[in-house]
Amino acid sequence: MLAGGGGAVLPVSADDARQSSLLTTSLRAGEPIDDDVAVVVSTSGTTGVPKGAMLTASALIASAEATHRRLGGPGRWLLALPAYHVAGLQVLVRSVIADTTPVAVPAGFDGAELASAVASLGSGRRYASLVAAQLDKALQDPAAAAALASLNAVLIGGGPMPEGVAERASAAGVSVVRTYGMSETAGGCVYDGVALDGVNVRIDDGRVLLGGATLAKGYRNPVEPNPFAESGWFRTDDIGAVDDSGVLRVLGRVDDAISTGGLTVLPQLVEAALATHPAVAGAAVFGVADERLGQRVVAAIVVAPGHTAPRPGALLVELFVRAKPD
């Protein structure tokens, strides 16, 4: 497929016949497709209907080579994510490009399985690609945490990583690289806020746009409005900002934003602020209908062990004092 002579591939789950049937039918497997499409990766976004990002071999290779350049060179990879999703697929692509063989471990691994799989990677440069929930689970097992700490880098994608997890990973010596990207960009294309070589980032009216060498050709099942409408760019559903040094910060999603009293509140930022309070182990922020404000901001919190539930007013005052500059 990467050599360009095998036709387009549609990765599906070997264990979910119903989902595989849905994808092969809705993405029209076996029907004509552009000659330069190497793989169609299913993606539904918020529509629930598989759209299918059409990726070329050149986009996949550009992503893999840029990843290795950013990480310090090719190496062996741990495959701990489904290979029919773009993050797992890219582990396979990187392994092919590096002429190495990945070591697979179940996505729901236990500590012993993870430690054994990492040991099987042998010597030399070694990497893993995980989601935050997997990292959190591994950090709770000393052997698994030590195994991850022995790797040159652990890529974390699939959404925001809670600050508490990041802090524990750092304390355990795990070299975490936060990635941002999606199927439409051949996987993660921005590492720790900095675009990979060949990747372009810009902000348009608060919206993050991605372009460059790793971009998909479009969707197998196009949608309206078309996020690929501007040639060479993909318009994401994420809100972000780029600072003076070119570092991208993703602030939240457009469809998660809460409009309250003429203001726009991004739940992710409020959740991050709440997480800094010692009495808060976790938080979810959302909007509910309000006759006066349009929407009212509501937070559900999990109280940390050894603490009592803080009064809302006192909690807000303390968070304000913490955030206020000297």
Side-chain angles (χ1 to χ4, degrees), residues 1-64 67 77-97 101-109 129-131 133-134 155 157-159 179-189 210 213-229 234-238 253 255:
M1 176 264 286
L2 291 176
V9 174
L10 173 62
V12 296
S13 170
D15 303 317
D16 190 336
R18 179 178 173 276
Q19 181 69 0
S20 296
S21 177
L22 170 65
L23 292 179
T24 54
T25 301
S26 59
L27 295 175
R28 307 190 308 284
E31 295 184 20
I33 194 168
D34 291 350
D35 291 339
D36 60 347
V37 175
V39 62
V40 177
V41 180
S42 65
T43 177
S44 59
T46 56
T47 67
V49 178
K51 298 189 288 290
M54 298 188 295
L55 295 166
T56 63
S58 62
L60 293 166
I61 293 170
S63 174
T67 291
W77 284 84
L78 183 74
L79 177 62
L81 296 170
Y84 52 89
H85 291 165
V86 71
L89 175 67
Q90 277 293 40
V91 167
L92 300 184
V93 173
R94 294 172 195 139
S95 298
V96 171
I97 296 299
T101 302
V103 173
V105 66
F109 55 74
S129 181
L130 307 174
V131 294
Q134 289 175 312
L155 307 187
T179 72
Y180 169 69
M182 54 279 300
S183 299
E184 293 87 346
T185 58
C189 61
L210 300 170
T214 70
L215 194 65
K217 287 194 65 174
Y219 288 133
R220 176 70 160 161
N221 294 330
V223 296
E224 291 296 338
N226 180 12
F228 292 97
F234 174 71
R235 188 177 184 86
T236 76
D237 288 326
D238 296 315
R253 289 185 62 80
D255 47 10

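Any value given below was found using the heavy atoms of this structure, including those in side chains, with hydrogens, waters and symmetry copies removed.
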Test side chain to side chain donor-acceptor pair (under 3.5 Å) on S129 and Q90 and set out the steps. CA-CA 9 Å; S129 181; Q90 277 293 40; over 6 Å; no

Donor-acceptor pair, side chain of [X] and main chain of [Y], under 3.5 angstrom:
X    : Y    : answer
S95  : T101 : no
T24  : S21  : yes
N221 : P50  : yes
Q134 : A107 : yes

Nearest 0.5 Å please: distance from the [atom1] atom of [X] over to the [atom2] atom of [Y].
X   : Y    : atom1 : atom2 : value
D36 : K217 : CG    : NZ    : 3.5 Å
S26 : K51  : OG    : NZ    : 11.0 Å
L60 : I97  : CG    : CD1   : 8.5 Å
S58 : L215 : OG    : CG    : 10.5 Å
T56 : D35  : OG1   : CG    : 12.5 Å
T43 : L27  : OG1   : CG    : 10.0 Å

Please report the shortest heavy-atom distance between [X] and [Y], naming the atom on each side.
X    : Y    : value
A213 : A62  : CB-CB, 3.9 Å
G157 : T179 : CA-OG1, 3.4 Å
L92  : A83  : CD1-CB, 3.8 Å
P11  : L23  : O-CD1, 4.4 Å
G88  : L79  : O-CD1, 3.7 Å
A38  : A57  : CB-N, 3.5 Å

Within a strict 4.5 Å, meaning less than it, do heavy atoms of the [X] and [Y] side chains meet?
X    : Y    : result
D16  : Y84  : no
E184 : V86  : no
T214 : F234 : no
L210 : C189 : yes
R220 : L10  : no
M182 : D238 : yes

Starting from the C-alpha separation in whole Å, work towards a yes-or-no answer on side chain to side chain contact (heavy atoms under 4.5 Å, CB included) for L81 and L130. CA-CA 7 Å; L81 296 170; L130 307 174; 5.6 Å; no

Would you please classify the geometry between the F228 ring and the Y219 ring as parallel, tilted or perpendicular, with 30° and 60° separating the classes? perpendicular

